[in-house]
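Every value quoted in this text rests on a predicted model; they were computed, and no experiment measured them. Chain letters run A, B, ... following the sequence lines, proteins first and then strands; every chain starts at 1.
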Amino acid sequence: MEPSVLSLIIESLVKVVFVIGLVMGGVTYMTWVERRVAAIIQDRLGPNRVGIAGLLQPIADGLKFLFKEDVIPPHVYKPFYILAPTLIFIPSLLGSTVIPFGDSIHLFGRDIPLRVADLNVGILFIFAMSAMGVYGIALAGWASNNKFSLMGGLRSSAQLISYELAMGLSVVGVLMAAGSLRLNEVVEYQSGFHWNAFTQPIGLLCFVVAAFAETNRAPFDLPECESELVAGYHTEYSSMKFAMFMMAEYANMITAAALMVTLFFGGWQVPGLSKASLSPLAVSLIQVGAFLFKTAFFLFLFVWVRWTLPRFRFDQLMDLGWKALFPLALLQVFATGLGILKGWL
Amino acid sequence: MLIINVIAFVAIFSALMVVFHRSPMVSVVFLIVNLVCIALFFLFLHAQFLFAIQLIVYAGAIMVLFVFVVMLLNLRQEEEQRPGWRIQRALAFVAGPLLVGALWTALWRRGRSSEAFPGGFSSGFGTAEDIGRLLFNDYLFQFEAASVLLVVAMIGAVVLARRRES
């Protein structure tokens, strides 16, 4: 009994370290990707001085954030001001733990499922975490005791709760088809190129748009819209506290991209891989690689859209959420219900 | 067991802080902490679905509205006008013991029957399937009645908002 419990603990720890490391590494290098891609889109060079092709730039930035003076303005409400970056950062990391990044891998004589936590309500857990993230932003805005910050915080909470509905509804179709809230079963349902993206395109569209709004990314980055609100809810933040807001944004992006892949693009499935006769270990590794590749594509999409589309106005944002995405997502739910009833799916 | 005790302590402490703290904003945040603690209790009962729903609906959606309203209120004025009416206080002295008494008898009766123990729950307690079956089979009428009630309340809110606009 004793060794198996110990090996379970070690297994979980390794997985936690792997996933958190992956997300944090992704966060670090997404800042570099963002700046380089932005530069390419705007026809300039971007950061290319630190290391080969600027690859050490994120590390230099991190060090700079650590050594900067941490200014706490005198007019803020300190407990919440300090709490807010943590409150936004922790849920953004927790959300990524339920995403299956591979089927299972056969190592040391046992099958290890490739996800940190296999909750039977996986998808709801991610929604719960994104709901918790709202408080970080709202409290940051309120505690900063500054008009711009408060407006940023208010806007962001309004935006998040509006788009959460559309996002939740757009996923319902997928869950109905798969018949489970477990993300792994959603992925298994899509085996053999039976991806939800083909059967539920409206749901995919709603989900992607809502995910952009949920992560506060352009064209929906109203909460930190610099032309109106200085820097929105993080106007008063400096050094590592500011960095935590940024890291949370990128971590949320990674979770959202991974979720898009998991729900609509077959997760770790590679079509036709079962026909090729490969060793189980190679299959597992290819699947993990496929998952990371698909996720990377959607991360690139996030960056691509940000530097291509102009920002929405706030009333347009609300109209889009409530009057376009919400009914569309409902339509998808009905269509999926009909499909299941008629036996098409 | 230790973790549950810690969470229970945090839950009670945050509940007290909701009542006693002077600043409404701090009270709201402690209420969120309290609701998160309750969600954690569900998790320890293996009711993962209830855990997620408690977080999304109560700690998430509803409390965001609270935060919203408190953020928009003119807090300084509110804080100065804090001491309430006398009737309110008198009523509190009556209602408080009544509530405690009701809860006590309920717990007392429950505690003597075997259902009070976690082992007595069905194996599917708190899963999505279990809740779905309860809502759409056993309590269908009550569920639909509640949804009609909510729709009526929503229409009422829209009507009130419209009237002020014109």
Could you tell me whether I3(B) atom CD1 has more than 12 heavy atoms of other residues or ligands within 6.0 Å of it? no
Are there over 12 heavy-atom neighbours, none belonging to Y58(B), within less than 6.0 Å of that residue's OH? no
Evaluate the side-chain proximity of F125(A) to L55(B): yes if any heavy-atom separation is below 4.5 Å, no if none is. no
Quick check for you: among V67(B), L65(B), V29(B), V36(B), which has the greatest number of heavy-atom pairs under 4.5 Å with chain A? V29(B)
Give, as side chain, backbone, both or neither, the part of V57(B) having an atom under 4.5 angstrom from any heavy atom of chain A. neither
Interchain contact, V64(B) with chain A, by part (heavy-atom threshold 4.5 Å): both
Please list, chain by chain and in numerical order, all residues satisfying side chain to side chain donor-acceptor pair (under 3.5 Å) with S96(A), sequence neighbours excluded. none
Please report the interatomic distance CD1(I56(B)) to CD1(I126(A)), rounded to the nearest 0.5 Å. 10.5 Å
Looking at CD1 of I32(B) and CG of L139(A), how far apart are the two atoms once the value is rounded to the nearest 0.5 Å? 6.5 Å
Between A128(A) and A52(B), which heavy-atom pair has the shortest distance, and what is it? CB-O, 4.2 Å
L160(A) portion near chain B, given a 4.5 angstrom heavy-atom threshold: neither
Could you tell me which portion of L181(A) (side chain, backbone, both or neither) has an atom closer than 4.5 angstrom to a non-hydrogen atom of chain B? side chain
Which is it for V26(B) and F80(A) under the side-chain contact (heavy atoms from CB on, under 4.5 Å) test, yes or no, and what are the steps along the way? CA-CA 9 Å; V26(B) 180; F80(A) 289 172; 4.0 Å; yes
